[in-house]
Amino acid sequence: MDYGKERVVALVDMDCFYVQVEQRLSPALKNTPCVVAQYKTWKGGSIIAVSYEARAHGVTRNMWVDDAKKLCPDLQVARVRESHGKADLTFYREASVEVIEVMSRFAVIERASIDEAYMDLTAAVQQRLKSMNDNEIESLLLKTTYIQGYPQNSTEQAQRSRGLKQWLASLPELPLGEQSSAGLQLTVGALIVEEMRAAVEKHTGFRCSAGISHNKVLAKLACGLNKPNRQTILPLDSVAELFNSLPISKIRNLGGKLGSSIIETLAVENMGDLCKFSQAQLGQHFGEKTG
DNA sequence: CATTGTTAAGGG
DNA sequence: CCCTTAACA
């Protein structure tokens, strides 16, 4: 298998998880602008999760509830439970366990936080490919999947279906026995993740987004490209174009001081520029390990 | 006081 | 190996 395409890795991220947990408990909160906030005394409490309806009004995480109400007067507020005067996240951790249990039926998962998990689907994909017939990968089975970079030569967005069809048409026939293409493997990975996400919603009521690519950093990046309640395949061949206009801070672990120092030291703006430097050069500037 | 909590990596 | 720092949710 080509370098960089050895594995199929997915990242599943629950959409505004704490909000969904509160909405399941209190259905009146569903489909409304609402937030989850902790504490109440200082400026109404601080917001730790925001529904997509509230985001449309400009409400964000870390905002004070009093400030958010100015942006969105009919904002509903759920409160984090407290014990010993401290915010207690037990309620959300228990909901997280429900999700993890369902996901674990499909693959070995690596819990990255209370609301997201990585999984290496390489083995599951190989298994699935063995039992698959030709024409078994249909657009219908990938109903919430986007392919980053497809359709090609198209500037207009919102062309999910056309991009998916073009991508599927570009895949080789199912090769029986021999190694299958990286594109085929990502697609079967996406099929598994579609099934996993449907199972999570069926058994917990919670929706999520996902990214499918060849490593954790790319899977995480892909996941953020189409939210909420959607999943995105990021083929390696689409990475260069994506990186051309991608701020360095968008890459996991480069959102803080290291990212800032890279931008300053190398006088670069986006990931496309950064990729022009060799690993040896990056090692010189940022330490052998970090580089 | 004014976000808090959790996790992981790096340095001593 | 522990402690501090960084990153993220």
Side-chain angles (χ1 to χ4, degrees), chain A residues 9 11-23 34-52 54-55 59-71 75 77-100 103 109-120 200 206-211 215-225 227-229 246-265 271 274 279 282-291:
Chain A
V9 175
L11 180 274
V12 178
D13 187 298
M14 307 308 294
D15 302 323
C16 51
F17 185 51
Y18 293 4
V19 167
Q20 285 201 79
V21 174
E22 296 295 344
Q23 285 174 329
C34 63
V35 296
V36 176
Q38 55 189 359
Y39 305 113
K40 209 176 168 172
T41 47
W42 189 261
K43 300 189 176 184
S46 73
I47 294 171
I48 60 174
V50 187
S51 75
Y52 280 80
R55 292 183 199 196
V59 177
T60 66
R61 202 188 151 78
N62 296 337
M63 203 174 257
W64 299 115
V65 168
D66 290 350
D67 294 334
K69 284 255 177 78
K70 292 170 197 159
L71 293 172
L75 187 72
V77 182
R79 299 283 166 183
V80 176
R81 285 134 202 81
E82 288 183 29
S83 64
H84 330 292
K86 288 280 187 186
D88 179 13
L89 304 179
T90 303
F91 191 52
Y92 311 108
R93 290 204 187 92
E94 287 167 357
S96 175
V97 170
E98 290 180 45
V99 173
I100 297 297
M103 294 197 306
I109 69 118
E110 175 193 345
R111 201 171 170 236
S113 75
I114 195 167
D115 78 331
E116 63 185 347
Y118 290 93
M119 57 211 72
D120 188 327
V200 167
F206 302 136
R207 291 179 170 180
C208 56
S209 300
N215 60 57
K216 284 164 71 170
V217 169
L218 291 181
K220 171 76 177 169
L221 177 62
C223 180
L225 296 175
K227 279 189 175 190
N229 199 29
L246 189 79
I248 286 167
S249 62
K250 298 287 183 189
I251 296 291
R252 180 170 137 104
N253 289 328
L254 300 184
K257 295 190 178 185
L258 176 58
S260 307
S261 77
I262 289 171
I263 291 167
E264 193 168 324
T265 308
M271 286 302 295
L274 180 56
Q279 189 172 332
L282 298 177
Q284 297 259 308
H285 287 290
F286 308 104
E288 211 47 53
K289 204 158 184 171
T290 306

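FYI, side chains are in, hydrogens and waters are out, and symmetry mates aren't considered; it's all heavy atoms of this structure. Naming: A, B, ... by sequence-line order, numbering from 1 per chain.
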Has the side chain of A:Q38 got a donor or acceptor atom sitting under 3.5 Å from an opposite partner on the base of B:dT4?
no
Would you tabulate the nitrogen or oxygen pairs shorter than 3.5 Å linking the protein to nucleotides 6-9 of chain C?
from	atom 1	to	atom 2	distance (Å)
C:dA7	OP1	A:K257	N	3.2
C:dA7	OP1	A:L258	N	2.9
C:dA7	OP2	A:K257	N	2.6
C:dC8	OP1	A:N253	N	2.9
C:dA9	OP1	A:K220	NZ	2.9
C:dA9	O3'	A:D115	OD1	3.4
C:dA9	N9	A:R61	NH2	3.4
C:dA9	N3	A:R61	NH2	2.9

Respond yes when some side-chain nitrogen or oxygen of A:R111 is under 4.0 Å from OP1 or OP2 of B:dT7, and no when none is.
no
Could you go through A:F17 and A:Y92, starting from their C-alpha distance and side-chain angles, then the distance that decides it, and tell me whether this counts as ring-ring contact (aromatic ring centres under 6.0 Å, His included)?
CA-CA 8 Å; A:F17 185 51; A:Y92 311 108; 7.3 Å; no
Please give, in whole Å, the distance from B:dT4 P to A:W42 CH2?
11 Å
Evaluation steps, side chain to side chain donor-acceptor pair (under 3.5 Å), between A:D13 and A:S209
CA-CA 5 Å; A:D13 187 298; A:S209 300; over 6 Å; no
Which whole-number value in Å describes the distance from A:I47 CD1 to B:dT4 P?
15 Å
Between C:dC8 and B:dT3, how far apart are the two C1' atoms, rounded to whole Å?
13 Å
Any carboxylate oxygen within less than 4.0 angstrom of a Lys/Arg side-chain nitrogen, looking at A:D67 and A:K70?
yes
Contact class for A:F17 vs. all strands (heavy atom < 4.0 Å): base, sugar-phosphate, or nothing?
nothing
Answer with base, sugar-phosphate or nothing: what part of the nucleic acid does A:K43 contact at a heavy-atom distance below 4.0 Å?
nothing
Side chains of A:M119 and A:V12 in contact at under 4.5 Å (non-hydrogen atoms)
yes
Would you say A:K86 and A:D88 make side-chain contact, with heavy atoms under 4.5 Å?
no
Option from A:V50, A:L89, A:D115 for which side-chain contact (heavy atoms from CB on, under 4.5 Å) with A:Y18 holds:
A:L89
May I have the distance from A:W64 (atom CH2) to B:dT4 (atom P), rounded to whole angstrom?
7 Å
